[in-house]
Enquirer: 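Would you mind keeping the following structure in view while I ask a few things?
It should be emphasised that the depicted structure is a prediction, and the values quoted were computed from it without experimental measurement. Below, read A as the first sequence line, B as the second, and so on, with proteins coming before strands; counting in each chain starts at 1.
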Amino acid sequence: MILPPTTIKELKERAQQIAGVTIGELANRHQANIPDDLKRQKGWQGQFIESCLGADAGNLSEPDFSKIGVELKTLPIDFSGRVVESTYISVVNISNHQGVTWDNCATKHKLEHILWVPIARNKNEALENSRIATPFLWQPSEMEANQLKQDWEEVMDLVVLGHLGQLNARMGEILQVRPKAANSRVLTDATDSEGNHSQTLPRGFYMRPQFTQGLIDRYLKR
DNA sequence: AGGTGATCATTA
DNA sequence: TAATGATCACCT
C-alpha cells in the first residue's frame with residue numbers, strides 16, 4: 001500500500017514520476033501482474049494507476065485523493081493523441097435524489113479537481129506497451145463549470161419529474177447520460193411522473209470524448 | 001444492490 | 001468510425 005498524498009505538490013511529484021513510463025515498466029516497479037487484455041478487467045489500468053499514486057477513497061462517492069480533494073482519471077488515447085473513450089464520472093442518482101443539488105452532489109465534487117493521466121496504446125497491442133503520457137491537473141473554468149452544472153441539472157430535472165423515459169445519451173454538452181450497470185436487465189428503484197414506484201436501468205454521467213479531446217489538445221500539445 | 005474502476009461491441 | 005448501449009471485475 002502506498003500512502004495517500006497529503007499535498008497537491010506531492011501528488012504532482014508522484015504523477016511526474018510515471019510520465020513517459022510504459023505500463024510494463026510500471027508493473028515491474030510495483031511487482032504487479034498485467035492482464036492479457038482488458039476484455040474481462042476493464043478497470044484494471046485505472047485501478048493500477050490509483051494504487052501507484054496512493055488513491056485512498058476506495059469506492060466511496062468522493063474524490064480519489066480524499067485529503068486533497070482530487071479525482072484521478074485515466075484517459076485512453078492513441079499514439080497520435082486522439083481520445084478513444086468517454087470518461088465515466090459518477091452514477092446518476094435516480095432513487096435517492098432528495099435534497100441533492102449541484103453544489104452538494106458527488107458529481108460536482110469529483111469534477112472540481114481532476115488529475116488526468118493520459119495513457120497511449122495501440123488497439124490490439126499488448127497492454128504492457130501502453131505508455132503513460134504527461135499527467136496534468138485540471139480545474140474547470142467558469143464557463144466549463146457553468147456548462148457542467150447545466151448538463152447535470154437538465155438530467156436531474158427529468159429524474160425529479162419522473163420523466164425517466166426522456167433520459168438519453170444525446171442530452172448534455174459536456175456530460176452525457178448512459179447505462180451504468182452489470183447488464184441491461186439490472187433495475188434500480190425510481191418514481192414515475194405520477195408518483196408511482198417504478199424501476200429503471202441505472203445510469204451514469206460520462207464526459208464526452210470531444211470535451212476530453214479539448215483538454216488533451218490544450219495540455220499535451222503546444 | 002449499488003458504488004468504484006472503466007472498455008467492449010453493436011448501431012447508425 | 002463515432003456514438004450509443006451493453007458489459008466486466010472488484011468492493012462494501
Side-chain angles (χ1 to χ4, degrees), chain A residues 1 4 23 26-27 32-66 70-78 80-97 100 105-107 109-111 114-127 130 132 135 151 155 159 164-190 197-214 216:
Chain A
M1 276 294 274
I23 292 296
L26 194 60
N33 294 317
I34 304 176
D36 291 335
D37 57 56
L38 297 177
K39 283 183 181 158
R40 301 192 66 84
Q41 295 181 66
K42 299 178 180 181
W44 181 84
Q45 277 197 142
Q47 296 190 321
F48 177 53
I49 300 298
E50 277 191 348
S51 75
C52 291
L53 297 180
D56 64 323
N59 67 337
L60 299 179
S61 303
E62 285 304 321
D64 296 303
F65 302 103
S66 57
V70 175
E71 174 75 12
L72 171 64
K73 288 293 171 198
T74 57
L75 185 57
I77 60 177
D78 64 22
S80 64
R82 289 269 316 176
V83 170
V84 301
E85 284 292 350
S86 57
T87 303
Y88 170 72
I89 303 297
S90 73
V91 78
V92 177
N93 206 326
I94 290 174
S95 59
N96 197 17
H97 56 265
V100 178
C105 76
T107 311
H109 292 151
K110 290 183 175 186
L111 291 169
I114 294 182
L115 176 68
W116 293 99
V117 180
I119 303 181
R121 68 160 175 158
N122 284 325
K123 201 161 178 63
N124 304 324
E125 206 181 294
L127 211 52
S130 296
I132 300 164
D151 290 349
V155 169
V159 171
L164 302 169
Q166 293 181 37
L167 288 178
N168 65 72
R170 291 131 202 120
M171 300 174 62
E173 188 82 20
I174 302 177
L175 293 178
Q176 66 173 169
V177 168
R178 302 221 310 278
K180 175 59 172 165
N183 59 63
S184 60
R185 282 147 273 139
V186 174
L187 294 172
T188 191
D189 291 336
H197 176 264
S198 66
Q199 292 202 304
T200 189
L201 182 63
R203 322 297 165 91
F205 284 108
Y206 294 77
M207 254 189 194
R208 294 185 179 277
Q210 281 195 87
F211 180 75
T212 50
Q213 184 67 62
I216 289 292

Enquirer: Any base atoms under 4.0 Å from A:L127, or only sugar-phosphate, or nothing? Heavy atoms, all strands.
Expert: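 A:L127: no heavy atom of the nucleic acid under 4.0 Å.
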
Enquirer: Heavy-atom count check: over 12 atoms from other residues, nucleotides or ligands less than 6.0 Å from A:N122 CG?
Expert: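 Correct, the count exceeds 12.
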
Enquirer: Rounded to the Å, how far apart are A:R203 CZ and B:dG2 C1'?
Expert: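 Atom-to-atom, A:R203 to B:dG2, this comes out as 15 Å.
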
Enquirer: Rounding to an integer number of Å, can you tell me how far A:E71 CD sits from B:dG3 P?
Expert: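 Result: 15 Å.
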
Enquirer: Whole angstroms only, please: what is the CD1-C1' distance between A:I77 and B:dT7?
Expert: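 Whole-Å distance recorded here is 16 Å.
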
Enquirer: Spell out yes or no: do the side chain of A:E85 and the base of B:dC8 have one donor N/O and one acceptor N/O closer than 3.5 Å?
Expert: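 Such a pair exists between side chain and base.
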
Enquirer: Taking any heavy-atom pair under 4.0 Å as a contact, classify A:A181: base, sugar-phosphate, or nothing.
Expert: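 Base contact.
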
Enquirer: May I have the distance from A:F205 (atom CZ) to C:dT4 (atom C1'), rounded to whole angstrom?
Expert: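 It is 17 Å, rounded to the nearest whole Å.
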
Enquirer: Are A:Q45 and B:dG5 close enough that a side-chain N or O sits under 4.0 Å from OP1 or OP2?
Expert: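 No.
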
Enquirer: Contact between A:D189 and A:H197 at the side-chain level, heavy atoms closer than 4.5 Å - yes or no?
Expert: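 Yes, at least one pair of side-chain atoms sits under 4.5 Å.
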
Enquirer: Can you see if the side chain of A:K123 gets near the phosphate of B:dC8 - specifically, an N or O under 4.0 Å from OP1 or OP2?
Expert: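 Yes.
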
Enquirer: Just the rounded figure in Å: distance from P of C:dA9 to CD of A:Q41.
Expert: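 Going from CD in A:Q41 over to P in C:dA9 covers 8 Å.
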
Enquirer: Counting only side-chain heavy atoms from C-beta out, which of B:dT7, B:dT4, C:dG5 sits nearest to A:P76?
Expert: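 The closest nucleotide is B:dT7.
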
Enquirer: With a 4.0 Å limit, can you tell me whether A:S61 has a side-chain N or O closer than that to the phosphate oxygens OP1/OP2 of B:dT4?
Expert: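 Yes, within the criterion.
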
Enquirer: Both A:Q210 and A:R185 contact DNA chain C. Which one's nearest nucleotide lies toward the 5' end?
Expert: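 Whichever sits nearer the 5' end wins; that is A:Q210.
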
Enquirer: Heavy atoms, side chains only, cut-off 4.5 Å: are A:Q45 and A:P76 in contact?
Expert: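 Counting from C-beta outward, A:Q45 and A:P76 never come under 4.5 Å.
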
Enquirer: Would you please confirm or rule out a distance under 4.0 Å between OP1 or OP2 of C:dT7 and any side-chain N or O of A:S184?
Expert: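 For A:S184, the contact criterion (side-chain N or O under 4.0 Å from OP1 or OP2 of C:dT7) is met.
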
Enquirer: Given the structure, check if the side chain of A:K110 and the base of B:dT4 hold any donor-acceptor pair shorter than 3.5 Å.
Expert: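 Side chain to base: no pair below 3.5 Å.
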
Enquirer: Between C:dT7, B:dG3, C:dT4, which nucleotide has the shortest distance from any of its atoms to the side chain of A:V91?
Expert: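 When the side chain of A:V91 is considered, B:dG3 is the closest of C:dT7, B:dG3, C:dT4.
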
Enquirer: Tell me which of A:V92 and A:Y206 sits closer to the 5' end of DNA chain B, going by the nucleotide each one is nearest to.
Expert: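 Closest to the 5' end, via its nearest nucleotide, is A:V92.
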
Enquirer: Nearest whole angstrom, please: distance from the C1' of C:dA9 to the CG of A:D37.
Expert: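 Taking atom C1' of C:dA9 as the reference, CG of A:D37 is at 13 Å.
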
Enquirer: Expressed in angstrom and rounded to an integer, what is the separation of A:N168 atom CG from C:dT4 atom P?
Expert: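 Computing the A:N168:CG to C:dT4:P distance gives 8 Å.
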
Enquirer: Looking at C:dT7, B:dT4, C:dG5, which one has an atom nearest to any side-chain atom of A:R178?
Expert: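 The answer is C:dG5.
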
Enquirer: Distance criterion of 3.5 Å, no angle test: do you see the side chain of A:K39 paired donor-to-acceptor with the base of B:dT7?
Expert: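 Not at all, since no donor on one side and acceptor on the other fall under 3.5 Å apart.
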
Enquirer: Answer yes or no: are there more than 12 heavy-atom neighbours, outside A:E125 itself, under 6.0 Å from its atom CD?
Expert: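 Check passes, neighbour count above 12.
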
Enquirer: Does A:K42 or A:N59 map to a spot on DNA chain C nearer the 5' end, using the closest nucleotide for each?
Expert: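 Result of the comparison: A:K42.
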
Enquirer: For A:Q210, does the CD atom have more than 12 heavy-atom neighbours from other residues, nucleotides or ligands under 6.0 Å away?
Expert: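 No, CD of A:Q210 has 12 or fewer neighbouring heavy atoms, counting only those of other groups under 6.0 Å.
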
Enquirer: Heavy atoms only, 4.0 Å cut-off, all strands: where does A:A169 land among base, sugar-phosphate and nothing?
Expert: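 Sugar-phosphate, backbone atoms only, no base.
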
Enquirer: When the distance from CG of A:L53 to C1' of B:dG5 is rounded to whole Å, what number comes out?
Expert: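 Rounding to the nearest Å, CG of A:L53 and C1' of B:dG5 are 14 Å apart.
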
Enquirer: For A:E50 and for A:V186, locate the closest nucleotide of DNA chain B by heavy-atom distance; then report the residue assigned to the nucleotide nearer the 5' terminus.
Expert: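 Final value for this comparison: A:V186.
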
Enquirer: Under 4.0 Å between a side-chain N or O of A:T188 and OP1 or OP2 of B:dG2?
Expert: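 True: A:T188 side-chain N/O within range (under 4.0 Å) of B:dG2 OP1/OP2.
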
Enquirer: With rounding to the nearest 0.5 Å, note down the distance linking NZ in A:K73 to CE in A:M207.
Expert: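 So the gap between those two atoms works out to 9.0 Å.
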
Enquirer: So which nucleotide from C:dT4, B:dG2, B:dG5 ends up closest to the side chain of A:K180?
Expert: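 Among C:dT4, B:dG2, B:dG5, the one nearest the side chain of A:K180 is B:dG5.
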
Enquirer: Given B:dT7, is OP1 or OP2 found less than 4.0 Å from the side-chain N or O atoms of A:Y88?
Expert: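 It does not, given that no N or O in the side chain of A:Y88 lies less than 4.0 Å from OP1 or OP2 of B:dT7.
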
Enquirer: Between A:L26 and A:I132, what is the shortest heavy-atom contact and its length?
Expert: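 Heavy-atom minimum between the residues: CD2-CD1, 3.7 Å.
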
Enquirer: So, OP1 or OP2 of B:dA6: does either fall under 4.0 Å of a side-chain N or O from A:T74?
Expert: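 Looking at the OP1 and OP2 atoms of B:dA6, one of them is under 4.0 Å from a side-chain N or O of A:T74.
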
Enquirer: A:G43 near the nucleic acid: base, sugar-phosphate alone, or nothing, with a heavy-atom cut-off under 4.0 Å?
Expert: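 It contacts base atoms.
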
Enquirer: Hey, is the side chain of A:K73 pairing donor to acceptor with the base of B:dG5 inside 3.5 Å?
Expert: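 Checked by distance alone, the answer is no.
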
